[in-house]
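Input: a single structure, listed below in structure tokens.
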Number of protein chains: 2
Amino acid sequence: MTTPFYERLTTAQRNNDSLVCVGLDTDPSRLPASLKSRTDAVVEFNRKIIDATHDLVCAYKLNLAFYEALGDRCWDTIHRTLQYIPQEIVTIGDAKRGDIGNTATMYARSMFDDYQFSATTVNPFMGKDSVAPFLVDPARGTFVLALTSNPGAKDFQYLRFNKKPLYEHIAARVKKWNTKKNCGLVVGATRPRELQRLRAIVPHMPFLIPGIGTQGGDLRSAVRYGCDKQGMMAVINASRSVLYASAKDDFADAARDAAISLRAEINILRAKYFKK
Amino acid sequence: MTTPFYERLTTAQRNNDSLVCVGLDTDPSRLPASLKSRTDAVVEFNRKIIDATHDLVCAYKLNLAFYEALGDRCWDTIHRTLQYIPQEIVTIGDAKRGDIGNTATMYARSMFDDYQFSATTVNPFMGKDSVAPFLVDPARGTFVLALTSNPGAKDFQYLRFNKKPLYEHIAARVKKWNTKKNCGLVVGATRPRELQRLRAIVPHMPFLIPGIGTQGGDLRSAVRYGCDKQGMMAVINASRSVLYASAKDDFADAARDAAISLRAEINILRAKYFKK
């Protein structure tokens, strides 16, 4: 894996004409009855979702919390899921790690060398030396949390220092750290004005935008301000609205329909704002 | 496990007359030659360290990064290590998780229900709903990152909002979240004045203090300002300076000597500042 990360991402977006990322946050308790009894139920479910959507997405994102909850099957389930994803699709290990230098190095090794994710998410709270170990390889992307889509985002992310909220300070710092062009930001889609301000600070950086679908984010703003000037670089994640579009055995067909709709909605907005 | 967390911690501190926490951040590449070839080398090393130190500590802390780097042996290694730790000693799963509500719930389940740690560390960046799922059970402790001991702490933790640095805002918030008396703070020992200010904001809360030993923190300040008025509630962590006190087969004896010295140094300071 040696293609620079930004190139890898834009190639994936062009190939499938898609900014959609499907979040494989597979909850064993929400699997259809026909799969539930299998010991590899999560792998089987993920494979069917991947079969049904791999020509419609630029990325898959695995939130590691859902896999760690599987206990001793965690490692194997992640590996087998990743092996099934076509090489040209970006894989994001959503772990939001943040720890001091030598520990961050261990986490980076785990995400990139062991699991072989093409990108990950990190928490910037502990500063540069907690993020730097993730930025060593230009082929591996790192999305730094800037502004999140949950209610608790208000507790600290909006605190203002020199008239600018914390998340803008983070964006400005990440811009400096981005010497290998492999940084991105995580930006909650539910906050359009903030998205616009952040895009102004880092015009070319990929934005991973959760909060679409079940969380109720604003898709219009996600496209308009989440994209760069070419209408690219936004990675718009939907998890539950795709995975659980149907709770029955037709879940894969329903997931495909949901992904087709989301891609189309996004592409209509891209055509409108970016004259594609 | 139903004893309230603060009581559990102070009982452990009293039983062994110790504020020492040994960080079982076991790096396979640093094991003595006689263990290296074994497939369960990390478990075996941890057991010998526990045998040598369990009457000298109030807690053991496992940094999960070191275990995740073991790949498919992660889960088993953590479980077997925890099973070997005497019930009355506090176990801290140092994972610094931080994610939105439903994901935080998965992480909390993993730390407390699956691994059965008696406490964990969390990252407050995403705010209250990312921390709340960890605070459900009064018997399980949660140490929230406030001020860390690494150089990158300066990047964001010292930014001032309304004349107070971010870490003081965090301490004030955690004080409000602490309705079940199971919250603590992670406070880097290398910054004595900040430790003093934080202790003034939350006079009774446990402080997990890393940065002693290899990281070069100031032990005097850690004791003087890290403790409550009874000379308790500071949990002073040392990892490498204990684990790797000797690189040879006498590592367990050397670890015991290092733990004895650290406990004694701390207790001399406690006697001085708290008239024990």
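Values in this document were obtained by computation on a predicted structure and should not be read as measured data. Order of the sequence lines fixes the chain letters, A, B, ..., with proteins taken first and strands second; residue numbering starts at 1 for each chain.
- At a 4.5 Å heavy-atom cutoff, A:D27 makes no contact with chain B through either its backbone or its side chain.
- Neither the backbone nor the side chain of A:R73 has a heavy atom closer than 4.5 Å to any heavy atom of chain B.
- For A:I78, no part lies near chain B; criterion is any non-hydrogen pair under 4.5 Å.
- The environment of CZ in B:R47 is crowded: more than 12 heavy-atom neighbours from other residues, nucleotides or ligands sit within 6.0 Å.
- In terms of non-hydrogen atom pairs under 4.5 Å with chain A, the most contact-rich of B:G71, B:A69, B:A153 is B:G71.
- The closest side-chain heavy-atom distance from A:P124 to B:F156 is below 4.5 Å.
- Considering B:T103, B:N123, B:D99 in turn, B:D99 is the only one that fulfils the side chain to side chain donor-acceptor pair (under 3.5 Å) rule with A:K96.
- Interface remark: A:L70 contributes no atoms to any contact with chain B (heavy atom separation under 4.5 Å).
- Neither the backbone nor the side chain of A:D76 comes within contact range of chain B; no heavy atom of the residue lies under 4.5 Å from a heavy atom of that chain.
- Contact of the B:F125 side chain with the A:L166 side chain is registered, since non-hydrogen atoms from C-beta on lie closer than 4.5 Å.
- Among the candidates B:V131, B:N102, B:D94, the residue making the largest number of heavy-atom pairs closer than 4.5 Å to chain A is B:N102.
- Contact annotation for A:L147: neither backbone nor side-chain heavy atoms come within less than 4.5 Å of a heavy atom of chain B.
- For chain A, no part of B:D25 is nearby; none of its heavy atoms comes within less than 4.5 Å.
- The contact list for residues 107-115 of chain B toward chain A, using heavy atoms and a distance under 4.5 Å, reads B:Y107, B:S110, B:D114 by residue number.
- Heavy-atom pairs under 4.5 Å with chain A peak, among B:R160, B:H79, B:K154, at B:R160.
- Chain A forms more heavy-atom pairs under 4.5 Å with one residue of B:E68, B:K128, B:M126 than with any other, namely B:M126.
- Across all non-hydrogen atoms, the minimal contact from B:P151 to A:D129 is CD-OD2, 3.1 Å.
- For residues 171-178 of chain A, heavy-atom neighbours of chain B at less than 4.5 Å comprise A:R173, A:W177, sorted by residue number.
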